[in-house]
Amino acid sequence: MSTDTAVQSEVDVPHYAMYIGGEWVDAAERYEIRSPATERLIATVARGDLSSADRAVAAAKAAHEDGGWRSTPPAQRAQVLRTVADRFAERTYELAALHAEEIGATLRVAEPFHFGAALPHMHYLADLTARYEFESGGPTVHPVLAAGKVRREPIGVCAAIVPWNIPLPLSVWKVFPALGAGNTVVIKPDEHAPLLLLELAREFEAAGLPAGVFNVVTGEGEIVGARLADHPDVRKIGFTGSTAVGKEIMRRAAGNVKRLTLELGGKGANLVLPDANLEEAVDGSLFAFLMHSGQGCESGTRLLLPDALHDEFVARMIERVKTLRFGDPMDYDTDLGPVFSAAQRDRVLDYIRIGQDEGATLAYGGGVPTGPGLDKGFWVEPTIFTDVTNDMRIAREEIFGPVVSVIRYRTIPEAIAIANDSDYGLSAGVWSTDPALAFEVAEQLEAGMVWINDWHLAPPEYPFGGVKQSGLGREAGPHALDEYTEPKFISFDLSGGLDGKPYGLLLSTPAS
Ligand code: NAD
């Protein structure tokens, strides 16, 4: 792999600089980006700092004030977004492979799903930009005003802060509507998973996006991320990450009342109803908690089973999970890849110990797999806990690994109550052969997204996001640009004489 954003470093892997103000800007220090499966060095990346964050915000502010991008007609802005989407589509295999290697997702899933899911979103958000109603209004029913309009104006400098688990789609959901609406953007990827976003910068540059409109700063969260959250010239933050950091960003954003969209953690409740198709529900429930080794905010990690099905369901799940193959994520035959890092593996193993200490039954897994190809990298077995109660930490806290907590229920209202008894409310799922019943249950679940007989689906036409401590606002869907515009009301008073005007309520016609 070689890129013209990069020079070959001394260890013969590409080195990526930051993209700031239309230039590739290096730093004195570097991060190593290593494959979570093999620990192989893939690339090095500039280690940005406070001054990089400030420089990027200054570039984005200058580009906003210059006005070139925001006054570019939406159809032309949409065309730039479309060009980038087309380039990503042309480079699908190469970029999906880079993405899979960087984050450890299996290529079989990453190509159509993680990476692949970003492409329709790019095209949808480009098309949405072209048809978005940036101006609306007309005559009013107000007794005085004759005409008013609402202009949806860009907010200004928008910062995007994203995590490592699926950086491309999570960034597209922020960057495309922000740019489509005429804002300028500074994005801070996770310092260990920035490569796709630097490739995105490369394609924006090639598509002719003016300097300073899109900037990428690679650096630590507590340094670069915190600076963006504090910065008085940043007007909006789109953040995806943990609930704890989301709260910290909210506190910092209060300084200048920044607009916020927050996509935070989850503890998805997966309700198998008594009439579910067992075979589908077993496979689907594995998909819900095992995709990307459970490192998805929307994963279904609390599995609610009716008493009558419980034992058979768990037995079938264990038989099925035994057939899954660990291995090289770049091999299309691999079912399960690694977790992202040593720290993530240790965190998951800690939770497995906590579950056992709390009295849950470790029905399957719980360890680190061994075998050919697993001597390097960060691995955790798929882990199934039974006899879990909803007050246990393994039922309440986000583990972010391949672990499911199985909770029994007796009646459907009880299952709904357990599902809703959570600080989180991002996703939920229902398995049933009765559509009317499934919808009735789905409507009672406190979650931003409920899947019936499937999981993880995020089509571009529908909003993504959570309720309660899973977040604030929504990404994607028809209102995606609303989150990146400020509605401004402008009225034009055509009412004529003084008495007909609002100020005529205060002032009377002067005596002649
Ligand atoms: P994290 O919160 O630790 O980090 C997310 C981003 O914030 C990173 O870029 C990090 O560098 C930055 N950051 C860290 N500390 C910061 C600070 N003090 N100020 C500003 N920025 C800071 O999350 P993570 O471990 O990288 O990702 C996993 C979390 O992300 C999980 O909780 C998961 O549920 C969540 N997530 C949510 C969604 C969603 O759409 N709701 C999607 C994916 C991941």
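The chain is numbered in sequence order, starting from 1. Note that ligands are numbered from 1 as they come in the structure, with each ligand's atoms numbered from 1 the same way. The basis for the numbers below is simple: all heavy atoms, side chains too, and nothing from hydrogens, waters or symmetry mates. All of these numbers come straight from a predicted model, not from anything done at the bench.
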Counting only heavy atoms from other residues, nucleotides and ligands, does the tally under 6.0 Å from [atom1] of [X] exceed 12?
X	atom1	value
Arg320	CZ	no
Arg474	CZ	yes
Met330	CE	yes

Heavy-atom distances under 4.0 Å are what count here, so tell me which part of [X] touches ligand 1: side chain, backbone, both or neither.
X	answer
Leu426	side chain
Ile166	neither
Ile161	side chain
Thr243	neither

Please state which option from [options] has its nearest heavy atom closest to [atom].
atom	options	value
atom 35 (C) of ligand 1	Gly296, Pro163, Gly241	Gly241
atom 29 (C) of ligand 1	Ala244, Ser242, Ala458	Ser242
atom 22 (C) of ligand 1	Gly221, Ala159, Pro169	Gly221
atom 32 (O) of ligand 1	Met449, Glu248, Glu398, Glu298	Glu398

Which heavy atom in Phe385 sits nearest to a heavy atom in Ala360, and how many Å separate them?
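Scanning both residues completely, I find the closest heavy atoms to be CD2-CB, 3.7 Å.
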
When you compare ligand 1 with Leu264, is there at least one nitrogen or oxygen pair between them that comes in under 3.5 angstrom?
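Yes, there is a polar N/O contact under 3.5 Å.
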
Backbone or side-chain N or O of Asn165 under 3.5 Å from ligand 1 N or O:
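Such a contact does not occur with ligand 1.
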
Closest non-hydrogen protein atom to [atom], residue and atom name please, with distance?
atom	answer
atom 8 (C) of ligand 1	Val162 O, 3.4 Å
atom 28 (C) of ligand 1	Phe400 CE2, 3.5 Å
atom 38 (C) of ligand 1	Cys297 SG, 2.8 Å

Answer with yes or no whether the side chains of Asp482 and Tyr132 bring together a donor and an acceptor at under 3.5 Å.
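Yes, because at least one side-chain N or O of Tyr132 sits under 3.5 Å from a partner of the opposite role on Asp482.
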
Hey, what's the ring geometry for [X] with [Y], parallel, tilted or perpendicular (30° and 60° as the breaks)?
X	Y	result
Phe214	Phe204	tilted
Tyr31	His192	perpendicular
His114	His99	perpendicular

For atom 4 (O) of ligand 1, is some protein heavy-atom partner under 4.0 Å away?
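No, there is no protein heavy atom closer to it than 4.0 Å.
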
N-O pairing of Asp54 and Arg227 below 4.0 Å
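The answer is yes: the pair qualifies as a salt bridge.
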
Would Glu191 count as a contact of ligand 1 if the rule is a heavy atom under 4.0 Å away?
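Contact check Glu191 vs ligand 1: positive.
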
